[in-house]
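Read through the structure below, which is laid out as structure tokens, and then see the notes.
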Amino acid sequence: MGEYVFAQYNVERLTTEKVQRTGTPQLEAAAEMIQRSPTPDVLLVNEMDDNTVQGWEGRHNATAFLEDYLREPQAPDVEGVDFEEWVAPRCNTGIPSGMDVGKDGIGVEPGTDAYARDCFSYAPYPGRYSMALYSRYPIQRDEIRTFREFLWNDLPDNRIPTDSNRDLYLTDDDRNRFRLPAKTIADVPIALPDGEVHVVIAHPSPPLADGMDTLNAPRCHDEIRFLGDYIDGAEYPYDDAGRKDGLPDGERFVILGDLNAYPGEAVTDDAVTRHLLENPRIGSLTPSSPGGRERSAPHATGLLSRGPARVDYVLPSNGFDVSASGVEWPAADEPHREIAERASDHFPVWAVVAD
């Protein structure tokens with residue numbers, strides 16, 4: 001019987017400028033927190049810029065982070081972490097939509113807020129806030145499915161705001177062109193020694209406090225709902241290659257992502273609980289941390305503007321047995337507490353699973 005560690009980590013603003021030079025304190029701290037976690041077999045890193053989209057001619061940021069930070073021990077009492085492969089699917093961030101999404105004229109100058117607001121997903125330039133998935137086992141590249149271009153309007157019973165009295169809404173024409181995933185949704189099959197697992201990754205839009213009266217909250221809700229429908233084998237999802245179906249029944253999967261929503265959150269109509277945590281295909285898993293318990297939020301995975309919250313998830317299918325899980329947020333008296341909070345406003349989340 002095999003045992004594997006799956007992990008999720010949002011490293012805040014892991015930009016090309018930071019990762020393409022050695023000695024960046026934030027990234028040294030982030031790598032150290034990964035090295036202090038159970039060694040991951042599969043790791044999703046959020047907010048890593050995709051520098052190839054930006055025309056970068058050198059190493060991809062995923063390679064730079066691996067070679068210069070993850071493989072190098074960041075403290076005397078830890079060891080480096082290595083991976084055999086990685087994949088960085090293209091994302092919608094910073095990709096111009098050609099629509100006046102912000103309702104203030106179409107922004108065409110990269111780097112400006114007007115440009116960012118009118119992209120398929122908010123970002124000042126293409127490739128910002130993307131992601132990379134690392135694996136110690138072979139990635140079945142020919143079987144990867146991405147849903148970056150899935151139209152929000154094609155989600156049955158979607159919650160697209162169309163009321164022109166709102167500050168942000170989509171016109172009839174916008175509805176036929178606007179994409180659902182904020183970054184992308186991808187199904188990345190990985191060949192474990194005892195069989196294939198589908199690693200389903202996503203990073204929805206952060207919802208705003210005024211809830212469904214914005215674009216972000218209903219989009220976040222609907223992207224999470226798409227994830228639940230996909231693992232349930234729904235017929236409507238079509239990928240970027242034109243294949244139309246969800247995950248077949250009986251396939252093993254692990255959902256990894258900063259879903260930007262916590263259980264019980266009103267502004268997303270409790271999307272995480274309703275569509276994922278209560279889904280019978282997902283096994284029971286509620287990680288905790290000493291740092292979270294000190295803040296009366298034992299299951300929190302990040303220190304967000306609205307306070308500690310559980311927004312990062314490692315959700316294995318019920319075909320796995322979960323033997324351990326946790327969030328790497330140390331207690332205040334632990335020596336690497338400051339390291340964890342220097343690295344990011346999120347903390348690594350991990351689960352040890354066996355089949």
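Keep in mind that the numbers below use all heavy atoms, side chains included, and drop hydrogens, waters and symmetry copies.
In the hydrophobic cluster analysis, where Ile, Leu, Val, Met, Phe, Trp and Tyr join through side-chain heavy atoms closer than 4.5 angstrom, Tyr129 is grouped apart from Leu27.
By the 4.0 Å N-to-carboxylate-O rule, Arg179 lies too far from Asp240 to be salt-bridged with it.
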| said: Please evaluate residues Asp157 and Arg225 with respect to the criterion side chain to side chain contact (heavy atoms under 4.5 Å, CB included), reporting the C-alpha separation (whole Å), side-chain torsions for both, the decisive distance (0.1 Å), and the verdict. | reply: CA-CA 11 Å; Asp157 301 319; Arg225 207 196 97 197; 4.1 Å; yes

| task | Could you walk me through whether Asn153 and Ile160 pass side chain to side chain contact (heavy atoms under 4.5 Å, CB included), step by step? | result | CA-CA 7 Å; Asn153 200 39; Ile160 297 175; 3.9 Å; yes

| task | Go through the steps to decide whether Asp82 and Leu70 satisfy the test side chain to side chain contact (heavy atoms under 4.5 Å, CB included), and finish with yes or no. | result | CA-CA 7 Å; Asp82 200 3; Leu70 293 178; over 6 Å; no

| task | Any chance you could lay out the side-chain hydrogen bond (donor to acceptor under 3.5 Å, both in side chains) test for Ser288 and Arg293, step after step, and finish with the verdict? | result | CA-CA 8 Å; Ser288 63; Arg293 287 190 286 272; 3.1 Å; yes

| side chain to side chain contact (heavy atoms under 4.5 Å, CB included) between Val197 and Tyr137, intermediate numbers included | CA-CA 11 Å; Val197 61; Tyr137 297 103; over 6 Å; no

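Counting heavy atoms of neighbouring residues, nucleotides and ligands inside a 6.0 Å radius, atom CZ of Arg13 does not exceed 12 of them. Heavy atoms of other residues, nucleotides or ligands lying less than 6.0 angstrom from CD of Gln140 number more than 12. Other residues, nucleotides and ligands place no more than 12 heavy atoms under 6.0 Å from the CG atom of Asp172.
Using the six-membered ring where Trp is involved, His221 and His275 have ring planes that are perpendicular, over 60° apart on the 30 and 60° scheme. Note: Phe226 and Tyr230 have parallel aromatic rings, judged against thresholds of 30 and 60 degrees for the angle between ring planes. Classified by interplanar angle (parallel below 30°, tilted 30° to 60°, perpendicular above 60°), the ring pair Phe150/Tyr238 is tilted.
Between the Asp232 side chain and the Ala234 main chain, no donor and acceptor come within less than 3.5 Å of each other. Looking only at distances, no side-chain donor or acceptor of Asp345 sits under 3.5 Å from a matching main-chain atom of Gly302. Judged purely by atom type and a 3.5 angstrom limit, Asn260 has no side-chain atom pairing as donor or acceptor with the backbone of Pro207.
Annotation: side chain of Thr93 is in contact with side chain of Ser130 (closest heavy-atom distance under 4.5 Å). Annotation: side chain of Tyr69 is not in contact with side chain of Glu32 (no heavy-atom distance under 4.5 Å). Taking 4.5 Å as the limit, every side-chain heavy atom of Val11 sits out of range of all side-chain heavy atoms of Met48. Within the 4.5 Å cutoff, no side-chain heavy atoms of Val327 are placed close to those of Arg310. In this structure, Val353 and Asp355 have side chains that are not in contact, with every pair of non-hydrogen atoms separated by 4.5 Å or more. At least one side-chain heavy atom of Arg36 sits under 4.5 Å from a side-chain heavy atom of Asp77. Side-chain contact between Glu3 and Ser323 is present, with heavy atoms from C-beta onward closer than 4.5 Å. Between Ile139 and Glu84 the shortest side-chain heavy-atom distance does not fall below 4.5 Å.
A pairwise comparison of heavy atoms in Phe147 and Pro237 identifies CE2-CB, 4.1 Å as the closest pair.
Shown are Val322, Val200, Leu256, Ile255; of these, the side chain to side chain contact (heavy atoms under 4.5 Å, CB included) with Leu315 is made only by Ile255.
His60 NE2 to Trp86 CH2: the interatomic distance, rounded to the nearest 0.5 Å, is 4.5 Å.
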